[in-house]
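Single-structure report; data block below.
Here is how names work: the chains are called A, B, and so on, in the same order as the sequence lines, proteins then strands, and each is numbered from 1.
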Amino acid sequence: MINITLPDNSIKSFENIPSGLDIAKSISEGFARNCVAMKMDDRLIDLTLPVSQDCAISFVTTRDEQGLEILRHSSAHVMAEAVLKIYPEAKLTIGPVVEDGFYYDIDMEPISKDDFAAVETEMKKIIKAKNTFERKVVTKKEALDIFKDNPFKVELINELPGSEEISLYRNGDFIDLCRGPHIPHTGMVKGFKLLKISGAYWRADQAREQLQRLYGISFFDKKKLNKYIHMIEEAKKRDHRKLGTKLDLYSFHEEAAGMPFFHAKGMDVWNALLDYWRQEHKKAGYVETKTPVMLNKKLWVQSGHWENYRENMYTSVIDDEEYAIKPMNCPGGMLLYKTKAYSYRDLPLRAGEVGLVHRHEFSGALSGLFRVRAFHQDDAHIFMTPEQIGTEVLGVLKLSQRIYSRFGLDFHLELSTRPKKSIGSDEQWEEATNGLKKALDEYGLEYFINEGDGAFYGPKIDIHIKDALGRTWQCGTIQLDMSLPERFDLTYKGKDNEKHRPIMIHRVIYGSLERFFGILVEHFAGKFPLWLTPVQAVLLPINQDLADYADQIKLQFEDAGIRCETDKRSETLKRKVRDAQIAYVPLIITIGDKEKQGHTLSVRTLDGKVKMGLSMDDFLNPVLHHIKNRTLNEAIF
RNA sequence: GCCCAUGUAGCUCAGUCGGUAGAGCGCUUCCUUGGUAAGGAAGAGGUUCACCAGUUCGAUUCUGGUCAUGGGCUCCA
């Protein structure tokens, strides 16, 4: 008699030793069909394994995140089996689950996307056969014998600790070394797709074998796959590199790889972003400063960058002196601080700087506005007394939330603690980390902790935003710095008339303006809110005789603070409307004889709706309200 | 930096099994003066196909290199 305790504390009894599947079936057939694996004492195991003693178990179903991971890992096996059928010479290495699907690294001749169809066809056959995954435990010797033709697996097996049991999984004719667990049978892979292929090194080591990495994704449900494919296509359509060209915002040139060029319209958006930033920061008690782009090597030696960051820095020799272009704004900020003597009464000092920094990233890492070599940080350094850490960090969190929500961006927080390689004393780290924690707790939002992921000079809070497609991006960061105030011997006079060391934080909210711009383009799919969009209104005279009148209106609009153009081309109205729609101009204003005589406006918005006969005030009041209040894409009329 | 792919007019792309290149959009001019998503016609535009070498009688096409762009190079059987 075996007694199984289920998560709801009910107990099921079995005459004979049941498998996990039997237990699931005893709940219901339907439930059993949706079970993927089971958990015994927090250990994930296959559903097909027998449960030979009394214990508590819970089930992982197709609705659990873990269930999906198991499915994807099993999918990697299916893919590997299919590849082997087509390329019998291929040698398998590892096939893990990643954030967005799975991959398998395989030692084989390079193949291309064109070969995916054949692999997918094989995979379909395997899935249709509903092969079960059978687990078998073997000795190290047996394992080495089975995989003697595969040096990668042999390497893996030899590295396994003696204490761990070595398991194999067989589905159909295919056997792979694997810890498991797996889905009960291959038929559970209802929707899958191979996504991409790339080279990867065995053990991520450039000196080792070059492997082919095949990426795929899978779901329990074909609909979910279709949704995912749709999301990818939607993301492709929103690609900021394509939209940037189409909307004439920015461009990239070989002559300065990784250093974007902003066009007039791109600068309109850029300036709107910065105007907003300045307004909010002023309100939050920041001052704005500016430091040079190029500074003497001595400064970088003092700051520690020469030692820790040199390979990413651009350098130059001028008059026999070595200089470096700044990769960060902080050392310059140190010099600013040191231009005068501070009292505790002067703190906190919040000094913002929209600084242009250059970092020599790997050529292969560059990508549109997302990964560049020259960018502007919306930086700020806050100098304060130790007691002020909590309130200051809280202030930055609140300011960040204010700013992100203006764009309709959700976010979450992560706290990174002391890494192995770090400077400073235990007490300093403790004080700093607790300061951040205190602020986070007071802020009240849930946060993740990344142990050991902090910077070597201090702990940090990272802010990850979530865009309209659900993708997350790390933008904001709040970093406590226990190194620079020391290195530059920053001080302030305390109440006790003694010198004290200020605490310093670096923080950004947009992060990189360039990157944030790119994220916004994709987030809004090119359709910026009114306050942000480069051309807010376009005037369309319906014939040439009305062009001058249209220009008069344009001047009035510009006076009122609206970015505006007149389309005076000798094209049909239809045509001009179409072009304005395609350029995502939010206010399309037709000027005809009726409007001229009645001093009215007829406005078409991007949803295709037309309002005729608006008076100037009827138009300007709501439009200026939305611009001034920086609303999101709401209906204006 | 490394691997794979790509690089043809301002944009999107076709093409040449090696014989010095095309379309659509855009642009210019002319006609059209049109009331809410493409009016019509003509024309210009490539130092000749990213750049540099090599093979060849001849290279945009083949080979090698360089540069740029894209995907990946972190998730461990």
- Knowing that exactly one of A/His185, A/Glu69, A/His182 qualifies, which makes a side-chain hydrogen bond (donor to acceptor under 3.5 Å, both in side chains) with A/Ser74?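 Among A/His185, A/Glu69, A/His182, the one that satisfies the side-chain hydrogen bond (donor to acceptor under 3.5 Å, both in side chains) with A/Ser74 is A/His182.
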- Task: Using the six-membered ring wherever Trp is involved, compare the ring planes of A/Phe619 and A/Phe557 and label them parallel, tilted or perpendicular (cut-offs 30° and 60°).
- Result: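 Judged by the thresholds at 30° and 60°, the geometry between A/Phe619 and A/Phe557 is parallel.
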- Task: Going by the salt bridge (Lys or Arg N to Asp or Glu O under 4.0 Å) test, name the single residue among A/Arg471, A/Lys242, A/Arg238 that passes it with A/Glu522.
- Result: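 The salt bridge (Lys or Arg N to Asp or Glu O under 4.0 Å) with A/Glu522 is passed solely by A/Arg471 among A/Arg471, A/Lys242, A/Arg238.
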- Query: For residues A/Tyr457 and A/Asn308, is any side-chain donor paired with an opposing acceptor at under 3.5 Å?
  - Reply: no
- Test item: side-chain donor near acceptor, A/Thr605 and A/Asp607, under 3.5 Å: yes
Would you confirm whether [X], through its side chain, and [Y], through its main-chain N or O, come within 3.5 Å as a donor-acceptor pair?
X: A/Gln536; Y: A/Arg563; answer: yes
X: A/Ser367; Y: A/Phe370; answer: no
X: A/Arg604; Y: A/Val610; answer: no

- N-O pairing of A/Asp579 and A/Arg569 below 4.0 Å: yes
Quote, to the nearest angstrom, the [atom1] distance that separates [N] from [M].
N: B/G18; M: B/U63; atom1: C1'; result: 13 Å
N: B/U66; M: B/A41; atom1: P; result: 49 Å
N: B/U47; M: B/C13; atom1: C1'; result: 23 Å
N: B/G22; M: B/U8; atom1: C1'; result: 10 Å
N: B/C67; M: B/C51; atom1: P; result: 16 Å

- Given that both pair distances must be under 3.5 Å and the pair must be Watson-Crick or G-U, what runs of three or more consecutive pairs involve RNA chain B?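 B:1-7 with B:67-73, B:10-13 with B:22-25, B:27-31 with B:39-43, B:50-54 with B:62-66 - these are the stems of 3 or more pairs that involve RNA chain B.
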- Out of B/G39, B/C75, B/G35, which nucleotide sits closest to the side chain of A/Lys574?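 Ranking B/G39, B/C75, B/G35 by closest atom to the A/Lys574 side chain puts B/G39 first.
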- Would you indicate which nucleotide in B/A37, B/G35, B/C75 comes nearest to any side-chain atom of A/Gln581? B/A37
- State whether the distance check finds a donor on one side and an acceptor on the other, under 3.5 Å, for side chain A/Glu595 versus base B/G35. yes
- Message: Near RNA chain B, counting only heavy atoms under 4.0 Å, which residues of residues 248-262 of chain A show up?
- Response: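 Those residues are A/Glu254, A/Ala257, A/Gly258.
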- Item | Aromatic centroids of A/Tyr314 and A/His360 separated by under 6.0 Å |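 Ring centres of A/Tyr314 and A/His360 closer than 6.0 Å.
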List, with names and distances, any nitrogen or oxygen atoms from the protein found under 3.5 Å away from nitrogen or oxygen atoms belonging to nucleotides 29-33 of chain B.
| unit_1 | atom_1 | unit_2 | atom_2 | d |
| --- | --- | --- | --- | --- |
| B/U32 | N3 | A/Ser570 | OG | 3.2 |
| B/U32 | O4 | A/Ser570 | OG | 2.6 |
| B/U33 | O2 | A/Gln544 | N | 3.0 |

- Between A/Arg241 and A/Glu159, just flag the one whose closest nucleotide in RNA chain B comes earlier from the 5' side.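 Final value for this comparison: A/Arg241.
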- Message: Could you check whether any side-chain heavy atom of A/Leu225 comes within less than 4.5 Å of a side-chain heavy atom of A/Phe192, counting everything from C-beta outward?
- Response: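 No, too far: nothing below the 4.5 Å cut-off.
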